[in-house]
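Note sheet for the following structure.
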Amino acid sequence: MDLVSESSPPASNATVPTTTTVNGVGGGGGSNSVVAVSSSSSSSSSPSSSRYENQKRRDWNTFCQYLRNHRPPLSLNLCSGAHVLEFLHYLDQFGKTKVHNHNCPFFGLPNPPAPCTCPLRQAWGSLDALIGRLRAAYEENGGRPESNPFGARAVRIYLRDVRDFQAKARGVSYEKKRKRPKPKVNNNDGAMAAAATTTT
C-alpha cells in the first residue's frame, strides 16, 4: 500500500531535499500537506535499496507526519496503541476495497452482480503489512521493543477483527493454506532393484 508519493532518490552522493506529498494526513480540511524530507545516499549503501525498505521509509514518514498534524501534536514517545488505531481509521478514507455492510444484499458474496453504496476501506492484508513495516521502523528509529505501539494488544485485536469481518463481508477466506506434505520417496524400492540385478 503506497501511502505517500515520493520522488526517487538521486544517484549521486549529495544530500538533496526531496518533496513528499502526504494526502491530507491528520489535518482537518483535506488539503495536501507538503513535507520536505532530506534524503541522502552514501557510497557505502547500495544505490537501490529494496522495495520493502523504500515502502517502510515512506510509511514511517507518513506516520510521523500524521503525528505532527495531530491536534494536539503528538511526539513519538507519547504515541500509544490508541493513536495507531486512530491512524488506521484515518487511512480508511483512502481505501479501495469494497466492504459490504450487514444489511447489504451482497454481504458475503465474493463477486457481487451489481454496484452498491457500501464504503471502500483499506484491505486487511494491506493494514497487516503496514503495521508490520511500521513496527520494524519504530525499533529501527530508536524505539524500545517493549513500548512499541504497533505491537500493542489493541492493535492486534483490531487487525484480527478487521480480518474476520472483511472475510465475512466479502465472502473470502484469509485462512493460511496448509502445505500438502510431499510424497516420500521409498528408497527401499531402488535398493531392492539394484540387489535383484546383482544376483541375476
Side-chain angles (χ1 to χ4, degrees), residues 1-6 8 20-33 49-67 69-70 79-139 148-184:
M1 174 176 59
D2 193 358
L3 301 176
V4 185
S5 61
E6 180 173 310
S8 57
T20 303
T21 303
V22 183
N23 294 325
V25 173
S31 61
N32 287 349
S33 304
S49 53
S50 73
R51 185 175 167 190
Y52 170 81
E53 292 297 325
N54 289 336
Q55 186 65 58
K56 183 169 62 174
R57 186 184 72 250
R58 287 193 296 268
D59 293 342
W60 181 248
N61 289 340
T62 300
F63 182 72
C64 290
Q65 183 64 35
Y66 175 81
L67 293 182
N69 289 348
H70 193 275
C79 181
S80 68
H83 298 117
V84 173
L85 293 180
E86 284 178 18
F87 178 63
L88 296 180
H89 287 297
Y90 160 77
L91 291 178
D92 266 338
Q93 66 184 302
F94 306 113
K96 298 178 182 177
T97 300
K98 180 74 76 173
V99 180
H100 301 289
N101 294 321
H102 282 291
N103 57 356
C104 177
F106 305 137
F107 184 85
L109 294 179
N111 298 307
C116 67
T117 59
C118 292
L120 295 174
R121 302 279 188 225
Q122 293 288 346
W124 165 76
S126 298
L127 292 177
D128 189 53
L130 170 69
I131 290 298
R133 290 190 298 269
L134 288 174
R135 190 173 182 175
Y138 177 84
E139 294 175 18
N148 193 330
F150 302 101
R153 184 172 183 268
V155 174
R156 293 196 309 271
I157 291 172
Y158 175 78
L159 287 175
R160 186 188 64 206
D161 290 346
V162 168
R163 180 195 65 195
D164 294 346
F165 182 75
Q166 288 191 8
K168 290 175 188 172
R170 299 177 61 216
V172 296
S173 174
Y174 289 121
E175 297 300 321
K176 290 184 178 179
K177 294 180 181 176
R178 293 182 181 174
K179 292 183 179 179
R180 297 175 77 182
K182 294 180 180 178
K184 294 182 179 178

Completion exercise
Note: Phe106 and Ala114 closest approach over all heavy atoms is CE1-O, 3.2 Å
Problem - Taking every non-hydrogen atom, the tightest pair across Ala169 and Val99 - result: CB-CG1, 3.9 Å
Problem - Arg57 and Asn54: side chain donor to acceptor below 3.5 Å - result: yes
Problem - Side-chain donor or acceptor of Lys98 paired with backbone N/O of Pro115 under 3.5 Å - result: no
Handout entry: Shortest non-hydrogen contact from Val155 toward Leu85
Key = CA-CD2, 4.0 Å
Problem - Contact list for residues 99-118, test side chain to side chain donor-acceptor pair (under 3.5 Å), sequence neighbours left out - result: none
Problem - Main-chain N/O of Leu159 paired with Trp124 side-chain donor or acceptor, under 3.5 Å - result: yes
Practice task
Might you work through the ring pair (Phe, Tyr, Trp, His ring centres under 6.0 Å) test for Tyr158 and His89, ending with a clear yes or no?
Solution key: CA-CA 10 Å; Tyr158 175 78; His89 287 297; 5.1 Å; yes
Exercise for the section: Would you please test Glu86 and Tyr66 for side chain to side chain contact (heavy atoms under 4.5 Å, CB included) and show each step? Expected result: CA-CA 10 Å; Glu86 284 178 18; Tyr66 175 81; 3.4 Å; yes
Practice task
Would you confirm whether Gln93, through its side chain, and Tyr90, through its main-chain N or O, come within 3.5 Å as a donor-acceptor pair?
Solution key: yes
Exercise for the section: Please confirm whether the backbone N or O of Leu134 pairs with a side-chain atom of Asp59, one donor and one acceptor, at under 3.5 Å? Expected result: no
Exercise for the section: Let me see the working for Thr97 and Arg170 under side chain to side chain contact (heavy atoms under 4.5 Å, CB included), right down to the final yes or no. Expected result: CA-CA 9 Å; Thr97 300; Arg170 299 177 61 216; 3.6 Å; yes
Practice task
Start with the C-alpha gap between Gln122 and Leu88, add the side-chain angles, then the distance that decides, and say whether side chain to side chain contact (heavy atoms under 4.5 Å, CB included) holds.
Solution key: CA-CA 9 Å; Gln122 293 288 346; Leu88 296 180; over 6 Å; no
Practice task
Measure across Pro110 and Gly108 and return the closest heavy-atom pair with its distance rounded to 0.1 Å.
Solution key: CD-O, 3.5 Å
